[in-house]
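For reference, the structure discussed in these notes is given below.
Chain naming here is simple, since letters A, B, ... match the order of the sequence lines and numbering starts at 1 in each.
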Amino acid sequence: MASHLPIVQFEDKIMKTVEDNAVVVIIGETGSGKSTQLSQMLHRRGYTKSGIIAVTQPRRVAAVSVARRVAQELGVTLGEEVGYAIRFEDRTSDLTRIKYLTDGVLLRESLSNPELNQYSVIILDEAHERSLNTDILLGLVKRLVKMRASKLKVLITSATLDGEKVSEFFSDCPVLNVPGKLYPVEILYSEERPKSYIESSLRTAMDIHVREPEGDVLIFMTGQDDIDKLVSKLEDRVQSLEEGSCMDAIILPLHGSLPPELQVRVFSPPPPNCRRFIVATNIAETSLTVDGVVYVIDSGYVKQRQYNPSTGMYSLDIIQISKVQANQRAGRAGRTRPGKCYRLYSSEVYQEEFLDVTVPEIQRSSLAGSVLYLKSLDLPDIDILKFDFLDPPSFESLEDALKQLYLIDAIDDTGLITSVGQTMAELPLEPSLSRTLMEANENGCLSQALTVVAMLSAETTLLAGQSKSNEKKRKHPPPDLPDGSGWGDHVQLLQIFEQWDQNEFDIGWCKDKGLQVRGMKFVKDVRRQLSQLMQKIAKGSLNVRTNERYKERQRDYKNLRKALCVGFANKLAERMVQHNGYRTIGFKPQLVQVHPSSTLKTDEDGMFPNYVVYHELIATSRPYMRNVCAVEMPWVNPILKKLEKLNIDKLSGGSGHSIREESETKVSSLPKKEEAVTGVPDDRESRIQAARDRFLARKGKK
DNA sequence: GATCTGGAT
């Protein structure tokens, strides 16, 4: 049984607090047992009599594995009393009383049942990770608690979350602390920042190997490139050690683009008298737990994606980690016995330069999808600019989202959701992709659009991750994939999937073509799911089918490109006169390049098409458009007209740029009724004010 | 002519 878990001793106290309060925050470190035990305690106390207990997880694997463990502990069959629901896989039944689910699934459920009244308790687990979905759920759940004051119980659980802050958000709800079950980890700081953290990691790793007793070493790097470099250097150094001078060593890279069969190597224990070095990205921070780690080397850096709402561009930057991340990394050394963490930075840097917590995703992402989602919920007083977020995104970012939604017809010029937008929100896709599907349904290329949209949903997993070393060897010619007929990457994606379909979804075919099998299977699942959802409104065939005749195929491609132009009206670029660079339209103009991996063809003069839509702007070494599709001037014109008419003040419900004007409308548009009913004090206004101040301060700096 | 931190519906 689970009686050894720290949380069990606190059962009475936790249950008493839950009884007395609608919302409780539970801070429990790794190993406290909160994920598996809380639901069982509530079950024992009868909370499953009036409804189901929902436990959200940020990751699919976690939802499945925790549900499995709880079913086992209760001695029931998984899928009966205890079940889980993740995308593509619902293992629940009428019997289910405890349901583990990803936060994305709960958000989807909330769309068709906004009051979530099948649940008596909602536990938001791992809230400290502050995923985009968790943050939206936090806001929605706060509303729900007000509406269902006496009935619904909410538990927010997390490892290191700033409990006070969440407690304030939920009207000063109680915070309970549960100790974890980690062994002590000794923290060793460097005196100064190394010039090269690869070299410094290498030195530290070799020191450990030569001097320290057995135990695996986990090294945190920022990306695949650095991992590969360090792995090969480590291999050289280990080989040059004198035979028998110390134990053997195995060096394993670990990152997301590694094929699964190579990823799982870290789960098999090392042979006796052998030390493993695992060189990993932040995948090993939370997603994958490697047993046997006793030493951690922490570079102090992470690669992080951030969105700039004024340019519409994502960038992938190497930045310093937060204190929370640093401690999470260190904790990886203390899972099985006392460990050591070597920080390649000084304690002053840690204290003074590192942020306390990681900037939540909601402040680093494009919000078009989230805003559309919230608008579609049709909550009575929902004003997007005033939605109650734990950490509100900037106004700039919300306005950007509104602008984009307007350009793709999801909201009208006053910011109200359109019927098109309503249908879009019901599809589990980014707004541009769902808009493309809707348009394709009108112009007779739904089947093709379904394929492209599914392929784009899989994105990175699609094309084989080519490492540089492979490229240099170049023993194999590049796999002969279709070329998109010159129209660009979307058409190529369509052709690839159609070929796979013609090859009866053969796994070997994928491997021959250098395609990631896992990614392609995912595409197939997504396409099936989308087909089901579109069934009700589909005007044409949903099946994959390639027209035999060249002319008909070209017509299909043209319709597809047209639909993409409508769906991606918010992601349009115009070629510069002199060269093959593009200027983005609809944002502060950016000079961007077609991504080198693109199949977009140039004409006989070596020039790219005048207009393209792109799936994503990303600044890595340079600003690139990833996945581009050629579009035609006549399709672009209506978008340009719409851009001219664009009035952001009107879009944001008259509460846009002018701050003074806004504070007036704010008071009059807020429904006072609800607050009067519940009597819950609301600190929303002050936090909105704080967000506005930050926004203004930033604007002032420019 | 030079590319990819990690999650999720």
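S131(A) comes within 4.0 angstrom of no nucleic acid atom, judged by non-hydrogen atoms across all strands. E361(A) comes within contact range of at least one nucleobase, with a heavy-atom separation under 4.0 Å. Among the protein residues, R59(A) comes within range of the sugar-phosphate backbone only, with heavy atoms under 4.0 Å from sugar or phosphate atoms but none that close to a base. Residue L316(A) is classed as a base contact, given a heavy-atom separation below 4.0 Å to a base. Residue-level contact check: V302(A) touches neither bases nor backbone, having no heavy atom under 4.0 Å from any strand.
Straight-line distance from the CG atom of L456(A) to the P atom of dA8(B): 19 Å, rounded to whole Å. What separates OH of Y307(A) from P of dG7(B) is a distance of 23 Å, to the nearest Å. The distance between atom CG of D226(A) and atom P of dC4(B), rounded to the nearest whole Å, is 13 Å. The nearest whole Å value for the distance from the CG atom in L132(A) to the P atom in dA8(B) is 13 Å. One interatomic measurement links the two molecules: CG of D317(A) to P of dC4(B), which rounds to 11 Å at whole-angstrom precision. Computed from coordinates, the I618(A) CD1 to dG6(B) P distance equals 12 Å when rounded to whole Å. Between the C1' atom of dA8(B) and the CD atom of E430(A) lies a distance of 12 Å, rounded to the nearest Å. Between the CZ atom of R626(A) and the P atom of dG1(B) there is a distance of 20 Å, given to the nearest Å.
The residue among H255(A) and L427(A) whose nearest nucleotide of DNA chain B is located toward the 5' end is H255(A).
At a cut-off of 3.5 angstrom, the base of dG6(B) holds no donor-acceptor pair with the side chain of E129(A).
Checked options D298(A), T286(A), T289(A); the residue passing with R332(A) is T289(A) (criterion: side-chain hydrogen bond (donor to acceptor under 3.5 Å, both in side chains)).
When the side-chain nitrogen and oxygen atoms of R622(A) are compared with OP1 and OP2 of dA2(B), one or more of them lie within a distance under 4.0 Å. When the side-chain nitrogen and oxygen atoms of R305(A) are compared with OP1 and OP2 of dG7(B), none of them lie within a distance under 4.0 Å. For T620(A) and dT3(B), the shortest distance from a side-chain N or O to OP1 or OP2 is not below 4.0 Å. Under 4.0 angstrom from either OP1 or OP2 of dA8(B) there lies no side-chain N or O belonging to T102(A).
Across dT9(B), dG7(B), dT3(B), the shortest atom-to-atom separation from the side chain of Y624(A) is found for dT3(B). Across dG6(B), dA2(B), dT9(B), the shortest atom-to-atom separation from the side chain of R60(A) is found for dT9(B). For V105(A), the listed nucleotide lying nearest its side chain is dT9(B); candidates were dG7(B), dT9(B), dC4(B).
Counting only residues at least two apart or on different chains, the salt bridge (charged side-chain N to carboxylate O under 4.0 Å, His left out) pairs with a member in residues 597-606 of chain A are D483(A)-K601(A).
Checked against a 6.0 Å centroid threshold, the rings of F220(A) and Y301(A) do not count as neighbours.
Aromatic ring orientation, F568(A) versus H490(A): perpendicular (interplanar angle above 60°, classes split at 30° and 60°).
Side-chain atoms of T599(A) come within 3.5 Å of backbone N or O of G488(A) as a donor-acceptor pair.
Every residue meeting the salt bridge (charged side-chain N to carboxylate O under 4.0 Å, His left out) condition with E285(A), not counting sequence neighbours, appears here in chain and number order: R329(A).
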